[in-house]
Peer 1: 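Before I ask anything, let me first share the structure, which is written out below as structure tokens.
We number each residue from 1, following the sequence as shown. Note that these values count all heavy atoms, side chains included, but never hydrogens, waters or copies made by symmetry. Because the structure is predicted, anything quoted here is derived from the model rather than measured.
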Amino acid sequence: LSALGKVVGRLWKVKGRCGVPLFFPAFPPSGSPDPAPRGGEGGGETTGKQSTAFDLIRKGGPTVVVLIIFSISAVTLIIERTLYYRGCKSEADKLLADVFHASNIDQAIQVCANTPGTVARVFRVALDAVKQGDNEHDTAEKMQAQIIRENIGLDKWLAQLDTLVTGAPLMGLFGTTLGMIKSFQVVATQGSGKPELLAEGISEALVNTAFGLGVAVMSVFGYNTFTS
């Protein structure tokens, strides 16, 4: 311990001659007066308050509320479409094998009824038509009608998601424009000598830009995934 104390003492002497800290922050030796508090004559604390999510929404103005609604809508549509497409998947080869190995048409229809997915539903319509005695043309028409219904289900909500891809950055740009207008109004009325007055409008502009781009990026990834 005494050797360690001598090493620390030498480091403090070197630090005093150089005027810069070495490997760790400078702590005053025992018994020395406390350094003067920073941040003004009164010694008040200068620790800045960190912005919360509510502060960002407040700084962004009313357009951020609209963008939050856009983001909730995008997340809801992406989750709904993901669950729907998972339910549409089916192993076509396994389904065909089970249908061909069925002992009768009723068992084949039951196999299709117990198998989730788009292919199984189309096969069930075809087997029902055959069971009812429809000819080949009528069976093909029923299958085509079922395929159209399946395509409608697959394309559902994609137009709304595509609208969010375009609408979110435009709404963010609208909020950005409002923020810049506010900043220029401050310059026109009070001059540019007070940057803290300009910061409010600039902050509103940047927050809207960030929210708009965030919603657009999320939406475009979901849309491209679902349409590919």
Side-chain angles (χ1 to χ4, degrees), residues 25 36-89 116-118 147-228:
R38 300 179 182 177
E41 297 177 359
E45 295 182 357
T46 58
T47 303
K49 183 180 178 181
Q50 294 183 352
S51 298
T52 61
F54 180 77
D55 293 332
L56 291 177
I57 296 173
R58 180 180 57 82
K59 293 178 181 179
T63 52
V64 170
V65 178
V66 178
L67 288 171
I68 290 176
I69 297 175
F70 282 3
S71 65
I72 295 174
S73 302
V75 171
T76 303
L77 293 178
I78 290 173
I79 294 176
E80 190 274 337
R81 289 289 85 190
T82 301
L83 296 177
Y84 181 83
Y85 289 142
R86 284 185 177 181
C88 290
K89 288 183 178 181
T118 302
I147 291 173
I148 293 174
R149 286 192 291 269
E150 295 295 336
N151 286 332
I152 292 174
L154 292 174
D155 294 337
K156 188 178 181 181
W157 303 120
L158 292 183
Q160 287 77 5
L161 193 59
D162 188 25
T163 301
L164 291 176
V165 172
T166 307
L170 291 178
M171 181 60 66
L173 180 61
F174 177 66
T176 301
T177 305
L178 293 180
M180 297 307 297
I181 290 174
K182 184 181 296 185
S183 297
F184 283 117
Q185 285 178 344
V186 171
V187 173
T189 56
Q190 303 185 24
S192 58
K194 296 181 179 180
E196 64 274 6
L197 299 178
L198 297 175
E200 182 179 356
I202 296 174
S203 176
E204 178 179 343
L206 295 178
V207 168
N208 279 277
T209 302
F211 268 88
L213 291 177
V215 177
V217 169
M218 175 177 57
S219 302
V220 74
F221 271 105
Y223 180 81
N224 289 337
T225 301
F226 298 145
T227 55
S228 60

Peer 1: Considering non-hydrogen atoms only, spot the tightest contact between Ala216 and Val165 and give its length.
Peer 2: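 Heavy atoms only, the tightest pair is CB-O, 3.9 Å.
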Peer 1: For Ser203, check side-chain hydrogen bond (donor to acceptor under 3.5 Å, both in side chains) against everything at least two apart and list the hits.
Peer 2: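 None.
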Peer 1: Who are the side-chain hydrogen bond (donor to acceptor under 3.5 Å, both in side chains) partners of Thr63, not counting sequence neighbours?
Peer 2: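 Expected list: Asn208.
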Peer 1: If you look at every heavy atom in Val215 and Ser71, which pair is closest and at what distance?
Peer 2: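 Answer, listing the atom of Val215 first, then Ser71: CG2-CB, 3.6 Å.
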Peer 1: side-chain contact (heavy atoms from CB on, under 4.5 Å) with Leu83: which residues, sequence neighbours excluded?
Peer 2: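 side-chain contact (heavy atoms from CB on, under 4.5 Å) list for Leu83, sorted by chain: Ile79.
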Peer 1: How would you list all residue pairs meeting salt bridge (charged side-chain N to carboxylate O under 4.0 Å, His left out) that involve residues 218-228, not counting sequence neighbours?
Peer 2: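 Every pair satisfying salt bridge (charged side-chain N to carboxylate O under 4.0 Å, His left out) with a residue in residues 218-228: there are none.
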Peer 1: Side-chain atoms of residues 178-187: list all donor-acceptor pairs with protein atoms under 3.5 Å, sequence neighbours left out, distances to 0.1 Å.
Peer 2:
unit_1, atom_1, unit_2, atom_2, d
Lys182, NZ, Glu204, OE1, 2.7
Ser183, OG, Gly179, O, 3.2
Ser183, OG, Leu198, O, 3.4
Ser183, OG, Ile202, N, 3.2

Peer 1: Go through the structure and list residues passing salt bridge (charged side-chain N to carboxylate O under 4.0 Å, His left out) with Glu150, not counting sequence neighbours.
Peer 2: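 For Glu150, the residues satisfying salt bridge (charged side-chain N to carboxylate O under 4.0 Å, His left out) (neighbours in sequence not counted) are Arg121.
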Peer 1: What residues, two or more places apart in sequence or in another chain, satisfy side-chain contact (heavy atoms from CB on, under 4.5 Å) together with Asp155?
Peer 2: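 Residues passing side-chain contact (heavy atoms from CB on, under 4.5 Å) with Asp155: Leu158.
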Peer 1: May I have all residue pairs that pass side chain to side chain donor-acceptor pair (under 3.5 Å) and include part of residues 78-89, sequence neighbours excluded?
Peer 2: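 Listed by first then second residue: nothing to list.
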Peer 1: Not counting sequence neighbours, which residues clear side-chain contact (heavy atoms from CB on, under 4.5 Å) with Val217? List them please.
Peer 2: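 Val217 satisfies side-chain contact (heavy atoms from CB on, under 4.5 Å) with Phe221 once adjacent residues are dropped.
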Peer 1: To the nearest 0.5 Å, what is the distance between CG (Leu154) and CZ (Phe226)?
Peer 2: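 With rounding to 0.5 Å, CG (Leu154) is 11.5 Å from CZ (Phe226).
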Peer 1: Tell me, which pairs form a side chain to side chain donor-acceptor pair (under 3.5 Å) where one or both residues lie in residues 209-226, sequence neighbours left out?
Peer 2: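 Pairs touching residues 209-226 that pass the test: Thr176-Thr209.
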Peer 1: Could you note down all residue pairs passing salt bridge (charged side-chain N to carboxylate O under 4.0 Å, His left out) where residues 209-228 supplies at least one of them, sequence neighbours left out?
Peer 2: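 Found none.
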Peer 1: I'd like to check the side-chain contact (heavy atoms from CB on, under 4.5 Å) partners of Thr163; sequence neighbours left out, ordered by chain and number.
Peer 2: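 Listed in chain order: nothing, the list is empty.
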Peer 1: Hey, are the side chains of Leu164 and Leu77 touching, using non-hydrogen atoms and a 4.5 Å cut-off?
Peer 2: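 Result yes, sub-4.5 Å side-chain heavy-atom pair found.
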